[in-house]
**Q** 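Quick one: this structure, given as structure tokens, is what I'll be asking you about.
Only heavy atoms go into these numbers, but all of them, side chains included; no hydrogens, no water, no symmetry mates. Order of the sequence lines sets the chain letters (A, B, ...), proteins ahead of strands, with each chain counted from 1.
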Number of protein chains: 2
Amino acid sequence: MLHALADSTRRDIVRRCLGEAASVSRLADVYPMSFAAVQKHVAVLERAGLVSKERRGREQLVRSEIDAVRQARQALDQLEATWRGRIERMSDILAEDEGDGTHERDQH
Amino acid sequence: MLHALADSTRRDIVRRCLGEAASVSRLADVYPMSFAAVQKHVAVLERAGLVSKERRGREQLVRSEIDAVRQARQALDQLEATWRGRIERMSDILAEDEGDGTHERDQH
DNA sequence: CTAACGTACAACCAAATGGTTGTAGATGAG
DNA sequence: CTCATCTACAACCATTTGGTTGTACGTTAG
């Protein structure tokens with residue numbers, strides 16, 4: 001899923017389909033590449049759950065799944081939270097050392 | 001940079017080096033792959049600015065750059081903000097239509 | 001000094017990526 | 001019906017990726 005967002009064309013597709021859905025050929029008009037290439041990008045985004053397709057007549061409307069974007073963001077949030085947790089635990093250990101005076105050394 | 005975070009081994013390395021730095025060989029002990037493979041992963045992370053290396057004796061300590069992680073998260077935040085912006089503008093347009101009664105159609 | 005350790009880097013390989021063209025099947029407009 | 005449009009999908013290609021092994025070099029321990 002991060003992989004799906006790691007391509008600028010795909011990020012742009014997601015951005016473009018956030019408000020209103022667009023058909024694949026309408027999207028293909030925008031980018032300097034073939035229809036098939038855009039089709040593949042959409043397929044990658046779909047597999048990652050970042051967009052969904054809905055058929056309307058002969059067109060296939062692409063719409064972004066904002067909840068999936070939120071989920072990706074939360075994954076990174078969690079990395080940061082882990083970091084904060086580690087820093088806290090380090091502070092705790094320092095506090096202990098100051099309190100008990102045993103001065104045991106790190107096992108390296 | 002999202003690409004750098006799109007690999008689970010690399011995400012794990014970042015997580016592992018958040019609190020305290022680790023040498024490349026210490027990291028290599030953890031994963032079921034060769035030292036050289038881990039070295040490459042670290043290189044990818046370094047190019048993306050997600051970790052930095054610092055030499056200490058014959059070891060090379062890897063430490064995660066929490067600010068870079070924050071930056072990645074903010075990039076996704078912005079996607080979500082764009083979405084909220086679109087929704088707002090759509091609401092505005094609806095409000096206008098209700099107000100002036102001109103009922104002009106979307107230019108498709 | 002010598003041996004062991006940690007690193008760097010090149011060469012190689014299979015598989016995935018991001019792109020292309022071409023063909024074929026649905027669907028809608030006239 | 002017929003034609004243009006939209007989509008799907010296969011085949012192909014160059015490049016990148018994620019992994020391997022092997023070699024060489026600097027540093028530290030004994």
**Q** Looking at Gln60(B), I'd like to know whether one of its side-chain N or O atoms comes within less than 4.0 Å of OP1 or OP2 on dA8(C).
**A** yes
**Q** Please indicate whether Arg63(B) has more than 12 foreign heavy atoms, meaning atoms of other residues, nucleotides or ligands, lying under 6.0 Å from its CZ.
**A** no
**Q** What integer distance in Å separates Lys40(B):NZ from dA10(C):P?
**A**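 One finds 11 Å between P of dA10(C) and NZ of Lys40(B), rounded.
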**Q** If each of Arg55(A) and Ser23(B) is mapped to the nucleotide of DNA chain C with the nearest heavy atom, which maps nearer the 5' terminus, i.e. the 5' end?
**A**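 In this pair, the answer is Ser23(B).
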**Q** Less than 4.0 angstrom from a charged side-chain N to a carboxylate O is my criterion; do Arg84(A) and Glu80(A) meet it?
**A**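 A salt bridge is present here (some side-chain N lies under 4.0 Å from a carboxylate O).
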**Q** Looking at dA8(C), I'd like to know if its phosphate oxygens (OP1 or OP2) sit under 4.0 Å from a side-chain N or O belonging to Lys53(B).
**A**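 Yes, Lys53(B) has a side-chain N/O under 4.0 Å of OP1/OP2 on dA8(C).
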**Q** The side chain of Ser25(B) is closest to which nucleotide in this list: dG6(C), dC6(D), dC9(C)?
**A** dG6(C)
**Q** Do any side-chain nitrogens or oxygens of Thr9(B) fall under 4.0 Å of OP1 or OP2 in dG18(D)?
**A** no
**Q** As a test of understanding, state which of Ile13(B), Asp12(B), Leu18(B) forms a side chain to side chain contact (heavy atoms under 4.5 Å, CB included) with Arg16(B).
**A** Asp12(B)
**Q** Just to confirm, is there a sub-4.0 Å distance from OP1 or OP2 of dT17(C) to any side-chain nitrogen or oxygen of His41(A)?
**A** no
**Q** If you find the nucleotide of DNA chain C closest to Phe35(A) and the one closest to His3(A), which residue's nucleotide is nearer the 5' end?
**A** His3(A)
**Q** When all nucleic acid strands are considered with a 4.0 Å heavy-atom cut-off, which category describes Arg56(A): base, sugar-phosphate, or nothing?
**A** nothing
**Q** How long is the line joining CD of Glu46(A) and P of dC9(D), in whole Å?
**A** 10 Å
**Q** Measure the distance from CE on Met33(A) to P on dT17(C) and round it to the nearest whole Å.
**A**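 Going from CE in Met33(A) over to P in dT17(C) covers 16 Å.
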**Q** Please report, rounded to the nearest Å, how far the C1' atom of dT16(D) is from the CG atom of Asp7(B).
**A** 14 Å
**Q** Pick base, sugar-phosphate or nothing for Arg26(B), based on heavy-atom distances below 4.0 Å to the nucleic acid.
**A** sugar-phosphate
**Q** Any side-chain heavy-atom pair from Val14(A) and Glu65(A) closer than 4.5 angstrom?
**A** no
**Q** Please report, rounded to the nearest Å, how far the C1' atom of dA24(C) is from the CZ atom of Arg58(A).
**A** 17 Å
**Q** Return the 5'-most residue of the pair Ala36(B), Arg47(B) with respect to DNA chain D, ranking by each residue's nearest nucleotide.
**A**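 The residue whose closest nucleotide sits nearer the 5' end is Arg47(B).
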**Q** Of Arg73(A), Gln74(A), Gln71(A), Arg11(A), which is the lone residue that meets side chain to side chain contact (heavy atoms under 4.5 Å, CB included) with Leu76(B)?
**A**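 Single side chain to side chain contact (heavy atoms under 4.5 Å, CB included) partner of Leu76(B) among Arg73(A), Gln74(A), Gln71(A), Arg11(A): Arg73(A).
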**Q** Check the distance between dG18(C)'s P and Leu45(A)'s CG and give it to me in whole angstrom.
**A**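 For the pair Leu45(A) CG and dG18(C) P, the rounded distance is 11 Å.
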**Q** Roughly, in whole Å, what's the span from CD in Gln39(B) to C1' in dT17(D)?
**A** 16 Å
**Q** Just call it for Ser34(A): base, sugar-phosphate, or nothing, with non-hydrogen atoms closer than 4.0 Å on any strand.
**A** base
**Q** Under 4.0 Å between a side-chain N or O of Arg10(B) and OP1 or OP2 of dG18(D)?
**A** yes
